[in-house]
Amino acid sequence: MIATTGIRNSDWDDWRWQLANSVTTFKGLKDYITITPDEEEAFHRVGERYVFRVTPYYLSLMDKNDPSDPVRLQAIPNIKELDDVFHIDQLPSFYQSEVGSENPLWKEGQTDVSCIIHRYPDRVLFHIANLCATYCRHCSRKVHAGRGSMVSDQTLIDRGIAYIAERPEIRDVLLSGGDPLTTGDNKIEYVLSRLRQIQHVQIIRIGTRTPVTMPQRITSEFCQMIRKYHPIWLNTHFNHPNEVTPEAKLAVERLLEAGVPVGNQSVLLRGINDTVEVMKELVHKLLMARVRPYYLYHADLVRGAEHFRTSIATGMHIIENLRGHTTGFAVPQYVICTPLGKTPLNPDYLIGSGPGYIVLRNYEWRTWKDPDRLDPM
Ligand SMILES: *Cc1c(COP(=O)(O)O)cnc(C)c1O
Ligand code: SF4
């Protein structure tokens with residue numbers, strides 16, 4: 001797919017071209033989409049606070065003339081990012097001291113090694129890059145996004161590897177960022193090969209949005225390289241059916257052919273995917289691309305992204321209307337991140353109980369009394 005004339009196919013299909021030609025300025029943006037004067041003002045004011053970058057590929061998915069296009073809303077700055085609409089007094093004290101500076105959740109699990117987040121006993125997040133191909137306006141790390149060097153430096157990465165090597169309880173390593181796939185294959189192979197020398201590391205996971213925002217990144221060479229380090233799992237971040245394009249499907253296909261299971265972590269976003277219809281279409285398209293919906297994140301409480309947040313009821317309504325109404329494994333686990341970690345949110349199907357029985361309901365709200373075993377106390 002070519003957005004503007006004069007770009008060679010071989011360039012368009014090259015991730016390094018996509019990255020080097022990512023749009024970071026207002027002038028560049030105007031070549032791809034139509035911008036109103038209001039949006040122009042917003043662009044400049046928001047730009048003073050948050051970083052902006054979009055790949056030509058991701059821009060090509062947007063409706064040029066529709067400011068409420070679901071892809072556009074995820075990547076083009078909006079004046080609402082400057083609203084500080086938190087009702088601070090109503091927040092728990094934990095949040096009160098933190099809101100306004102960053103996402104409070106990111107304090108949790110921080111270690112002496114700044115690239116390692118260790119919140120759960122057996123697994124760590126390992127940030128190996130700071131850059132993203134496209135910056136999501138809803139990113140829960142938006143204050144950090146784009147800061148620092150393009151790649152976490154070598155000494156820091158080595159300290160991260162040492163942290164993992166010293167702790168036999170770590171069996172699962174999640175490579176994250178930024179987006180780890182904004183770095184070259186050599187850098188990624190270095191990390192993978194070093195991790196594979198650590199006996200207790202069982203699985204390695206890659207968290208990347210490149211299949212969605214820069215699918216050209218998933219080259220055959222990259223897939224040939226990572227298959228040497230199995231078991232590797234990969235989770236990506238599709239939020240809207242319009243993102244499931246032939247290019248994205250090709251990227252997924254290559255990963256699957258290399259034996260890498262591909263999962264999806266969506267964020268529930270107001271005005272983008274907060275209806276049953278859109279979410280159902282998304283999960284169905286993902287299944288057809290053989291991507292397994294994994295998590296649906298409730299949008300975090302983050303400065304500059306409050307306009308994306310929905311109520312919990314909206315998320316519960318969506319899950320209620322997926323479970324039983326579609327393929328079981330099309331239904332992601334809805335989660336909210338709290339200072340205690342990820343917490344699953346599920347509609348109740350066990351709606352009552354008594355001595356020797358339970359009362360269940362099904363997806364159509366028909367109820368059923370089922371015998372339960374009375375265990376001796
Ligand atoms: C989400 C997350 C993980 C991984 O959680 P899973 O439920 O195993 O996918 C690990 N560490 C941190 C800090 C996380 O936020
Ligand atoms: S790709 Fe991930 S880390 Fe990067 S801006 Fe988007 S949500 Fe944030």
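This structure is a prediction, so every number in the text was calculated from the model and none was measured. Note that these values count all heavy atoms, side chains included, but never hydrogens, waters or copies made by symmetry. One-based numbering, in listed order, for ligands and for the atoms of each.
Each of the atoms 1 (S) of ligand 2 lies under 4.0 Å from some heavy atom of R209. Short contacts between ligand 1 and Y295, defined as distances under 4.0 Å to a heavy atom of the residue, involve ligand atoms 6 (P), 7 (O), 9 (O). Residue I117 has at least one heavy-atom neighbour below 4.0 Å for each of these atoms of ligand 1: 13 (C).
The salt bridge (charged side-chain N to carboxylate O under 4.0 Å, His left out) search around R53 returns none, not counting sequence neighbours. For P231, the side chain to side chain contact (heavy atoms under 4.5 Å, CB included) partners two or more places apart in sequence, or in a different chain, are R196, I203, W233.
Atom OG1 in T134 sits 9.0 Å away from atom CD in Q18 (nearest 0.5 Å). In this structure, I226 CD1 and E189 CD are separated by 10.5 Å, a value rounded to the nearest 0.5 Å.
Residue contacts with ligand 1: Q265 is placed with no nitrogen or oxygen under 3.5 Å of a nitrogen or oxygen of the ligand (distance criterion only).
Of all the listed residues (P180, G207, C132), C132 holds the heavy atom that lies closest to atom 4 (Fe) of ligand 2. Ranked by closest heavy atom to atom 15 (O) of ligand 1, the top entry among K342, R123, R205 is K342.
The distance from atom 8 (Fe) of ligand 2 to the nearest N/O/S atom of C139 is under 2.8 Å.
A salt bridge links K142 with E81: at least one charged nitrogen is closer than 4.0 Å to a carboxylate oxygen.
With a 4.0 Å heavy-atom cut-off, ligand 2 is reached by the backbone of C136 and by its side chain too.
Judged by distance alone, the side chain of H127 and the main-chain N or O of A129 form no donor-acceptor pair under 3.5 Å.
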